[in-house]
Amino acid sequence: MVNIGVLVSGGGTNLQSLIDNIENNYIKNGKIVSVVSSRDGVYAIERATKHNISSTVISRKAFSTTQEFDIALLNHMKRHKVDLIVMAGFLSIVGPKLITEYHNRIINIHPSLIPSFCGPGFYGLKVHEAALERGVKVTGATVHFVNEIADGGPIIIQKAVKVKDNDTPERLQKRVMKQAEWKILPEAVKLFCNGKIKVIDNKVIIEK
Ligand code: GRF
């Protein structure tokens with residue numbers, strides 16, 4: 001059984017997709033042992049509580065440096081014997097200690113087809129605003145391992161979503177979440193928990 005620690009910062013719809021896919025047995029070999037929010041009062045924590053999942057707030061604001069925040073997160077994950085960290089709508093930067101200790105064991109969901117519309121400053125609605133501004137006809141979501149480059153780690157799964165002429169950023173975000181994020185994140189976690197993901201030369205190979 002893989003112990004999963006989920007990092008959140010907001011509404012927690014991606015956390016919910018993981019909870020639902022564990023409860024319906026799609027993900028058989030993974031268990032969420034802790035939900036950690038970087039901010040107080042977010043609905044993601046209520047989602048965890050409703051499903052009797054242990055949660056806590058490790059507020060980024062409570063730490064004066066990224067290094068201290070990094071160590072606090074690492075200590076928490078080790079205390080809970082976490083094997084896999086999932087960043088699900090997590091808006092803080094994870095530091096080098098966590099990334100090193102959890103090399104190719106931190107998964108992030110990003111709401112675009114990386115390498116488009118990603119990196120520093122591209123998060124939440126801003127990603128979809130940039131996609132609409134550029135006029136792309138297809139966008140989507142990417143699940144990738146986290147390394148020291150923002151949204152730069154090995155790509156695990158991507159799923160494309162058509163952009164519609166009358167799309168607003170909010171409408172596009174909702175469609176990307178529904179048609180892509182909430183599907184490929186559980187799929188990637190399932191593959192990881194079943195030991196089907198290998199990384200060779202920084203490229204992901206998924207074993208059938
Ligand atoms: C989503 O667009 C997700 O892709 C991004 O953060 C947004 C909110 O996610 N990482 P959630 O509803 O908090 O899971």
Side-chain angles (χ1 to χ4, degrees), residues 4-23 26-27 30 32 34-51 53 55-60 73 84-94 98-99 106-133 136 138-147 149-153 155-163 167-190:
I4 303 168
V6 184
L7 296 175
V8 297
S9 298
T13 62
N14 280 288
L15 166 66
Q16 190 66 53
S17 75
L18 289 180
I19 292 171
D20 295 345
N21 280 285
I22 288 171
E23 289 184 351
Y26 173 72
I27 298 173
I32 300 175
S34 179
V35 172
V36 178
S37 176
S38 61
R39 291 165 45 191
D40 283 305
V42 296
Y43 192 60
I45 292 289
E46 291 184 45
R47 292 181 192 271
T49 307
K50 275 187 191 144
H51 290 267
I53 296 170
S55 64
T56 185
V57 176
I58 299 182
S59 168
R60 174 64 188 84
L73 287 178
L84 170 68
I85 296 173
V86 177
M87 293 166 60
F90 187 67
L91 297 178
S92 290
I93 306 292
V94 287
L98 197 74
I99 289 169
I106 307 175
I107 286 177
N108 182 47
I109 173 88
H110 182 77
S112 76
L113 295 175
I114 288 175
S116 298
F117 313 117
C118 68
F122 284 104
Y123 55 87
L125 268 186
K126 291 174 188 287
V127 173
H128 304 291
E129 286 163 2
L132 291 172
E133 177 58 31
V136 294
V138 175
T139 185
T142 302
V143 183
H144 63 93
F145 283 121
V146 172
N147 65 9
I149 302 158
D151 299 326
I155 291 173
I156 304 169
I157 301 177
Q158 295 187 297
K159 186 165 176 53
V161 175
K162 272 197 181 347
V163 179
D167 262 336
T168 61
E170 292 76 8
R171 236 203 311 270
L172 182 55
Q173 179 180 52
K174 258 282 155 285
R175 196 161 63 254
V176 168
M177 283 172 148
K178 205 164 170 204
Q179 292 183 7
E181 297 180 39
W182 301 340
K183 293 185 183 335
I184 63 175
L185 185 59
E187 185 182 352
V189 169
K190 177 190 173 92

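Each ligand, and each atom within it, is numbered from 1 in the order the structure gives. What you see is a predicted model, and the numbers here were worked out from it, not measured in a lab.
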Is there side-chain contact between [X] and [Y], with heavy atoms separated by less than 4.5 Å?
| X | Y | value |
| --- | --- | --- |
| Leu185 | Ile107 | yes |
| Val94 | Leu7 | yes |
| Phe145 | Ile106 | no |
| Trp182 | Asp20 | no |

*With sequence neighbours left out, write down each residue that passes side chain to side chain contact (heavy atoms under 4.5 Å, CB included) with Ala141, or none if nothing qualifies.*
Ile109, Val176, Ala180, Glu181, Ile184
*Count the heavy atoms of every other residue, nucleotide or ligand shown that sit under 6.0 Å from CD1 of Ile93, and state whether that count exceeds 12.*
no
*Atoms in ligand 1 flagged as close to Ile109, the criterion being non-hydrogen separation under 4.0 Å*: 10 (N)
_Quick check on contacts: which atoms of ligand 1 are under 4.0 angstrom from a heavy atom of Gln173?_
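It comes down to these atoms of ligand 1: 2 (O).
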*Out of curiosity, is Gly12 lining ligand 1, as in a heavy atom under 4.0 Å away?*
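The answer is yes: ligand 1 sits under 4.0 Å from a heavy atom of Gly12.
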_Less than 4.0 Å is my threshold; does some heavy atom of Val8 fall inside it relative to ligand 1?_
no
Looking only at protein heavy atoms, which one is nearest to [atom], and what is the separation?
| atom | answer |
| --- | --- |
| atom 12 (O) of ligand 1 | Thr13 OG1, 2.6 Å |
| atom 4 (O) of ligand 1 | Glu181 OE1, 2.6 Å |
| atom 7 (C) of ligand 1 | Met177 CE, 4.1 Å |
| atom 6 (O) of ligand 1 | Gly89 CA, 3.4 Å |

*Partners of Arg175 by salt bridge (Lys or Arg N to Asp or Glu O under 4.0 Å), sequence neighbours excluded?*
Asp167
*Return yes or no for this condition: an N or O of Asn14 is under 3.5 Å from an N or O of ligand 1.*
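Right, the criterion is met.
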*Where on Gln16 is there a heavy atom closer than 4.0 Å to ligand 1, on the side chain, on the backbone, on both, or on neither?*
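For Gln16, there is no contact with ligand 1 at all, from either part.
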